[in-house]
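Residues: numbered from 1 along the sequence shown.
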Amino acid sequence: MNVSKDLIAASATPLILAILKECDSYGYAIIKRVKEMSESQLIWTEGMLYPVLHRLEEHLLIESYLKKSEAGRQRKYYRIKESGLAELELQKKQWEIVHNALARTWNEESNS
């Protein structure tokens, strides 16, 4: 199933923040983690991911740093900041409201 671009865009911030809460990560690994968590239902591209990472960094929710990879070259890693943790909690509450409203609506439909 193809998930709409609007839904992918809306879910990008909480997904990225949740992944970075687990551990610091870099772009390709974040893309792989999203694919893994969604059982290959969400396929992100670099063109979709990096603008979101840059926006989160501009809003001081995450920060980046360079670190050498096992191959010896520099890789840009991202880590969540305290403000990002607070934003993640807010996003969780907002998504729970949306999820609950949809679940109630769909439940009412199936009971009709």
Side-chain angles (χ1 to χ4, degrees):
M1 165 188 270
N2 287 334
V3 177
S4 77
K5 289 182 181 185
D6 289 341
L7 196 51
I8 289 173
S11 62
T13 292
L15 281 170
I16 291 169
L17 293 176
I19 289 167
L20 294 179
K21 183 179 179 185
E22 292 175 350
C23 64
D24 296 2
S25 193
Y26 56 95
Y28 179 71
I30 293 170
I31 290 170
K32 278 181 52 179
R33 184 76 177 115
V34 168
K35 184 178 179 182
E36 174 187 298
M37 290 187 320
S38 70
E39 298 176 339
S40 298
Q41 295 295 306
L42 297 175
I43 308 298
W44 286 8
T45 63
E46 290 180 7
M48 182 245 116
L49 174 66
Y50 286 104
V52 179
L53 288 171
H54 294 148
R55 181 177 44 79
L56 294 175
E57 199 166 17
E58 285 172 9
H59 291 142
L60 306 176
L61 300 175
I62 65 173
E63 61 188 0
S64 62
Y65 61 94
L66 295 176
K67 179 180 173 184
K68 277 192 177 178
S69 69
E70 297 81 34
R73 67 171 224 244
Q74 294 277 32
R75 185 175 276 158
K76 192 173 194 176
Y77 277 77
Y78 298 88
R79 78 168 59 102
I80 195 166
K81 298 175 76 172
E82 286 297 320
S83 56
L85 292 170
E87 178 64 23
L88 178 57
E89 288 307 310
L90 177 63
Q91 292 267 332
K92 281 181 179 178
K93 290 175 184 168
Q94 292 174 354
W95 276 96
E96 285 172 8
I97 291 167
V98 171
H99 174 339
N100 291 337
L102 287 170
R104 281 190 208 104
T105 301
W106 292 331
N107 195 25
E108 288 173 11
E109 286 176 1
S110 64
N111 290 335
S112 298

Novice: Is it the case that one hydrophobic cluster holds both Ile19 and Ile8, taking links as side-chain heavy atoms less than 4.5 Å apart, direct or via other members?
Specialist: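 Same cluster.
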Novice: To the nearest 0.5 Å, tell me how far Ile31 CD1 sits from Thr45 OG1.
Specialist: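 Going from CD1 on Ile31 over to OG1 on Thr45, the span is 6.5 Å.
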Novice: Any chance CD of Gln74 has more than 12 other-residue heavy atoms, nucleotides or ligands included, within less than 6.0 Å?
Specialist: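 Yes, CD of Gln74 has more than 12 neighbouring heavy atoms, counting only those of other groups under 6.0 Å.
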Novice: Taking side chain as C-beta onward, heavy atoms only, is Asp24 less than 4.5 Å from Lys67?
Specialist: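 Counting from C-beta outward, Asp24 and Lys67 never come under 4.5 Å.
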Novice: Going by heavy atoms in the side chains, are Arg33 and Glu22 under 4.5 Å from each other?
Specialist: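 In contact.
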Novice: Looking at Leu42 and Leu15, what are the two nearest heavy atoms and their distance?
Specialist: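 Taking Leu42 first and Leu15 second, the nearest heavy atoms are CD1-CD1, 4.0 Å.
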Novice: Just wondering, do Arg75 and Leu66 contact through their side chains at under 4.5 Å, heavy atoms?
Specialist: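 Side-chain contact under 4.5 Å: no.
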Novice: Atom NE2 in His99, atom CG in Leu102: separation rounded to 0.5 Å?
Specialist: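 Separation between the atoms: 8.5 Å.
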Novice: Report, as yes or no, whether the 6.0 Å neighbourhood of atom OH on Tyr50 holds more than 12 heavy atoms from other residues, nucleotides or ligands.
Specialist: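 Yes, OH of Tyr50 has more than 12 neighbouring heavy atoms, counting only those of other groups under 6.0 Å.
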Novice: Could you tell me whether the side chain of Leu20 reaches within less than 4.5 Å of the side chain of Ile30, counting heavy atoms only?
Specialist: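 Yes, side chains in contact.
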Novice: Going by atom types only, do Gln91 and Thr13 share a side-chain donor-acceptor pair under 3.5 Å?
Specialist: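 No, because no side-chain N or O of Gln91 sits under 3.5 Å from a partner of the opposite role on Thr13.
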Novice: Looking at Val3 and Gln41, what are the two nearest heavy atoms and their distance?
Specialist: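 Taking Val3 first and Gln41 second, the nearest heavy atoms are CG2-O, 3.8 Å.
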Novice: So that I can tick it off, tell me whether Arg55 and Glu58 are bridged by a salt bridge, with the cut-off set at under 4.0 angstrom between side-chain N and carboxylate O.
Specialist: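 No, this pair does not count.
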Novice: Are any non-hydrogen side-chain atoms of Tyr78 and Leu53 less than 4.5 angstrom apart?
Specialist: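 Yes - at least one pair of side-chain heavy atoms lies under 4.5 Å apart.
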Novice: Less than 4.5 Å apart, side chain to side chain, heavy atoms only: is that true for Arg79 and Ile62?
Specialist: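 The answer is no, as the side chains (C-beta and beyond) never meet within the 4.5 Å cut-off.
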Novice: Quick one, Trp44 with Ile16, criterion side chain to side chain contact (heavy atoms under 4.5 Å, CB included). Give me CA distance, side-chain angles, the key distance, then yes/no.
Specialist: CA-CA 11 Å; Trp44 286 8; Ile16 291 169; 3.7 Å; yes
Novice: Quick check: do Glu87 and Leu17 have side-chain heavy atoms less than 4.5 Å from each other?
Specialist: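 Glu87 reaches Leu17 side chain to side chain.
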Novice: Rounded to the nearest 0.5 Å, what's the gap from CG on Leu61 to NZ on Lys81? Could you check?
Specialist: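 Between Leu61 CG and Lys81 NZ, I get 8.5 Å after rounding to 0.5 Å.
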Novice: Does one hydrophobic cluster hold both Leu90 and Leu60, with members joined at side-chain heavy-atom distances below 4.5 Å?
Specialist: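 No; tracing contacts between hydrophobic side chains, which count when under 4.5 Å, never links both residues.
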Novice: What closest approach, in Å, do Pro14 and Trp95 show between heavy atoms, and which atom pair accounts for it?
Specialist: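 Where Pro14 meets Trp95 most closely, the heavy atoms are CG-NE1, 3.4 Å.
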Novice: Ignoring hydrogens and geometry, is there a side-chain-to-backbone donor-acceptor pair from Ser25 to Ala29 under 3.5 Å?
Specialist: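 Looks like no, no N/O pair under 3.5 Å.
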Novice: More than 12 heavy atoms of other residues, nucleotides or ligands under 6.0 Å from CG of Asn100: yes or no?
Specialist: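 More than 12 within 6.0 Å, yes.
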Novice: Using a 6.0 Å cut-off, check whether atom CD of Glu82 has over 12 heavy atoms from anything other than its own residue.
Specialist: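 Atom CD in Glu82 is not packed in, count stays at 12 or less.
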Novice: Roughly how far apart are Glu63 CD and Ser83 OG, rounded to 0.5 Å?
Specialist: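 Atom-to-atom, Glu63:CD and Ser83:OG are 9.0 Å apart.
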Novice: What heavy-atom pair brings Glu46 and Pro51 nearest, and what distance separates the two atoms?
Specialist: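 Looking at all heavy atoms of both residues, the closest pair is O-CD, 4.0 Å.
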Novice: Less than 4.0 angstrom from a charged side-chain N to a carboxylate O is my criterion; do Lys92 and Glu89 meet it?
Specialist: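 A salt bridge links Lys92 with Glu89.
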Novice: Does one hydrophobic cluster hold both Leu7 and Ile43, with members joined at side-chain heavy-atom distances below 4.5 Å?
Specialist: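 In one cluster with Leu7: Ile43, no.
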Novice: Parallel, tilted or perpendicular: which describes the rings of Tyr77 and Tyr65, with under 30° parallel and over 60° perpendicular?
Specialist: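 Answer is parallel, since the angle falls under 30°.
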